[in-house]
Amino acid sequence: MQVSYFETARYRVPPAIPAEWPVPPGAYDPETGAEAYQGMVDRVQFVEELGFDWVSLSEHHYSPRILTPNIAVSGSYIAARSKRIKIAVLGPIVSQSNPVQVAEEMAMLDTLSNGRLVFGMLRGTTNEYLTFDLNPAEARERTTEGMELILKAWTEPQPFGWQGRHYQFRTVSVWPRPLQQPLPPTYSLGTSRESCEFAARHHIGLGVSFAPFEVVAKSTRYYREQCRHYGWEPAAEQMIYRANILLADTDEEAHELLEQQRRGAAPFPMRAGVREALLKLDQRNVAGEARSPNVGGVLPTSFYGGPDTVVAQIRRCRDEVGVGVLDLAFQNPGAPDTGRLMRSLELFAEKVLPRIREV
Amino acid sequence: MRVLQKGLIVTQAGDAFREGHVDADGFRIRYMEAGQGPPFVHLHGAGGLRLTRGHDLLSRQFRVIAFEMPGFGASPENDRSRDMPELAATMATATDALGLDQFNLMGTSFGGKTALWLALLQPDRVQALVLEAPAAIRPHGSRPPAGSPEEMARRLFAHPERLAPMPLPDPAVQARQARLTARLRGPDRDADLEGRLPGLVVPTLVLFGTVDRVIPAEMGRFYKELMPNCHLVFVYDAGHAISTDRPEAFVEVVADFIERREAFVISRTDTVIHP
Amino acid sequence: MKVSYFETARYRAPRQLPAQWPVPPAAYDRDAGTQSYHGMVERMQFVEKLGFDWISVSEHHYSPQRLTPNPVVSAAYLAGYAQNIKIAVLGPIVSQSNPVQVAEELAMLDNMLPGRLVVGMLRGITGEYLTYGLNPAEARERTSEAMELVLKAWTEPQPFGWQGRHFRFRTVAVWPRPRQQPHPPTYALGTSRESCEFAARHHLGLGVSYAPFGVIAKATRFYRDACAQCGWQPAPEHVIYRANILIGETDAEAEALLDEQRRARQAFPLRAQVRDALLELDIRNVAGEARTPNVGGVLPTNFVGSPDTIVEQIKCCREQSGVGVIDLMFQIPGSADLGFLMRSLELFGTKVLPRIRDV
């Protein structure tokens, strides 16, 4: 089992900051902002020392909670300040980007990092529709076309034009190319049937996130079926499960912290009228079964407890879901500082990581 | 008023509007009306009622009722309204007289302050509030546009050189309007009004042109900060008279806001280039 | 006089490349690509020691000469290594980007490089119109609107919408904010009347490039007049001059190298019909006077000679045009290797730099 540490460049949010998304930028404090990025580097170097395989990043906008609106930029900075750890961008929101630009940036990042890039392509969480005015009804199609264009831009040896539905280019000729050949490890991120089918068709991996094991297991099962249909078998590392983890010294402590978290604020709270409108427009599915989207609300914690309990949960996850990579978002409920977070990481490296390597 | 667009002279703005009158608080109030659909009441700025291409475009989707407030235009001098809340109350009565129960409300500049007060006085009737370059919150030492027609044009419009010459305003009318607005415009920062804004839950859209030379676009943020359900939009390369400078850009977002209110932030644009 | 070193992430092709633009990505050599980015860091650390004030990066797409389609990504990498040198991103081609995204990326970078970011916003050279399908007729307007939107996105404390001619957003609320207030030192790049007027109106600096001193002086004079009309006076540092430099031990050596360079120069010409079509559509001016755009051709070398000669030329340049920052592109004649570049840098750093500080 490989383990990835999910880094958000967390900005230490003082309680007075308005909660509703988008948060007015006037509330931003430059010192705290600089600390967020310094903290990011510190934590990456720390987990690299501890033996984590990857550090992962995500793309989110207009929020103090995750200061990485452009993943290639933070990825690049991290690449300069780390040596061996893989840099997993999970992932650029393809539906609202220029896919050729994504291809160019990621090729740069793979080369700058000496071939440490892991690349995931994302449709986007529901609140992100509002960032660059993406029509929810078009999100699925734009993602699919965007992903195809990115892969084409990396693999087509000759300059080409692209007459898409949503994207049109007369000339595409990306320099540099990614360092890793033929592609960096690439994943389609999302539990939907479309995501699974795309991944199977293009021989890339699948990334699923946050939902309970039984739910994401549906996706990974469907993905493997589809791969067989296309004549190949995915390796375990070609499936990633991003999940929240709350690790403490004992089960009791973890349960207490979990309660605290449940009472805490949602990450991207939205004005009610907007949230309701989005819920109606955003259609999501897990391997074809409809599911309601999470519009900026609190996400479940899949792993919590003391080290023994968490190890057992990880084993069960591997059995039920079949993923070979866990991308862990270490929860830090209520605590304004990162001291407890660092201790969790240490505890994980010491008491969990060695026991799950061969899982 | 004739409007030049990219060198082409288009039809007179307001051609399709019909004149009407209502009585309210002892005033005989003139209005211009066109279009069908949800009612959309407009309160003009300090220069009086002037129909623009913006009104025409709005009348394609709404029943637009543009009032001429008492004391403006050819109406007799108004020395009875003592302050803005009173004027707002009179205009609320005028909407009653028209038989409107609930309506959408837009105020421009000086009329933006009137509209704010109307919404504060009768929030249950105002479905959505639009403030076009509102004059309710101003930098200290703010001066209303004045002077020769050229000076006025330069202050009001981003590209005065693109407009066809407008008929010279009647100096007597101008003087009357100036006296009235001087009395009613209130202080640059109105503590009473601003103190009430956090309680105004009516969905509100505030628009400023990026080249507004009467009230700087930076004033927009105060409304957004104070009001719980307020959205701020800048119209690029538009001056104080946004709906004259860039009527299509203006109407697109206003109409969307009237229809969907805060959900207007969700895109429904079709970006398919070819099927 | 401040001195900036223009780093191009110069790619040294191991084999002869096909002549025409766009060069097929099939010709890309991964090792050469990796070398070019390593070289970037090496050179930065070198010029930092030598005492250069800034290092600058630019945006170029589909190019086998400069591997920086997103200059913010390479700048973020450099930021991981930079100690005290300033990093100047000159500049994102705002006419063909998402301006909000540009604002976000640069704000991130400003936080990673506290106080040491300089930004220039560019309309784009003629050839770049072909990259993302930008209509040349729209370039000027798109640039102006994009620059305004970037500035607004950095400074407006409340979330806002934007009804532009070319850009439309319902919600903009950039996090993080730039660390430097109200924003990083920003320049409008270009000699045109529109650039000068925009810069004057928004209290920005002006960046000019490659033309002879007399031509540059026209633009800087116009710019200073425009600033005066807007009620302010720019300092010398408000004007950057990007120029080519060829330095030799003696004048004779430098001239000989210049000849060699002219003969061996590897440009990437556009197909003739495309070039001619672009020439017709691309309307450029210097402070209002029309000038022919340079479509993929060779640029003049503005500083040539021994260290003494170059010192004189720099003084002359300062007298004529009042620039306060020179951003130098060190030329390597055809047959020479990167060692030549390092020697040039050393020569400049030891024999020229100390003598032009108080110019």
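A, B, ... follow the sequence lines: proteins, then strands. Residue 1 opens every chain. In what follows, every heavy atom counts, from backbone to side chain, and hydrogens, waters and symmetry copies are set aside.
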Region of [X] in contact with chain A, defined by heavy-atom distances below 4.5 Å:
{"X": "C/Gln181", "value": "neither"}
{"X": "C/His38", "value": "side chain"}
{"X": "C/Ser36", "value": "neither"}
{"X": "C/Val172", "value": "both"}
{"X": "C/Tyr11", "value": "side chain"}

Donor-acceptor under 3.5 Å ([X] side chain, [Y] main chain):
{"X": "A/Tyr62", "Y": "C/Thr171", "answer": "yes"}
{"X": "C/Trp175", "Y": "A/His60", "answer": "no"}
{"X": "C/Arg30", "Y": "A/Pro178", "answer": "yes"}

| field | Atom CZ of A/Arg271 with >12 non-hydrogen neighbours under 6.0 angstrom | value | yes

Atom pair [atom1]/[atom2] of [X] and [Y] - distance to nearest 0.5 Å:
{"X": "C/Asn98", "Y": "A/Phe132", "atom1": "CG", "atom2": "CZ", "answer": "4.5 Å"}
{"X": "A/Ile71", "Y": "C/Met108", "atom1": "CD1", "atom2": "CE", "answer": "9.0 Å"}
{"X": "C/Gln96", "Y": "A/Gln101", "atom1": "CD", "atom2": "CD", "answer": "8.5 Å"}
{"X": "C/Leu109", "Y": "A/Asn70", "atom1": "CG", "atom2": "CG", "answer": "10.5 Å"}

| task | Show your working on side-chain contact (heavy atoms from CB on, under 4.5 Å) between C/Tyr62 and A/Glu104 and close with a plain yes or no. | result | CA-CA 9 Å; C/Tyr62 304 170; A/Glu104 289 175 316; 3.5 Å; yes

Would you mind telling me which of [options] has the largest number of heavy-atom pairs within less than 4.5 Å of chain C?
{"options": "A/Ser97, A/Pro25, A/Gly75", "result": "A/Pro25"}
{"options": "A/Ile78, A/Leu112, A/Asp29, A/Asp110", "result": "A/Leu112"}
{"options": "A/Pro30, A/Gly26, A/Ser76", "result": "A/Ser76"}
{"options": "A/Gln158, A/Arg170, A/Met108", "result": "A/Met108"}
{"options": "A/Asp133, A/Asn114, A/Val41", "result": "A/Asp133"}
{"options": "A/Ala27, A/Pro22, A/Ala107, A/Pro64", "result": "A/Pro64"}

| remark: Heavy-atom nearest pair, C/Pro24 first then A/Pro157, reads CB-O, 3.4 Å

| note | Nearest heavy-atom contact between C/Tyr77 and A/Ala80 is O-CB, 3.3 Å

| Donor-acceptor side-chain pairing of C/Asn111 and A/Tyr28 below 3.5 angstrom | yes

| message | Can a side-chain donor-acceptor contact be found between A/Glu105 and C/Asn70 if the only test is distance below 3.5 angstrom? | response | yes

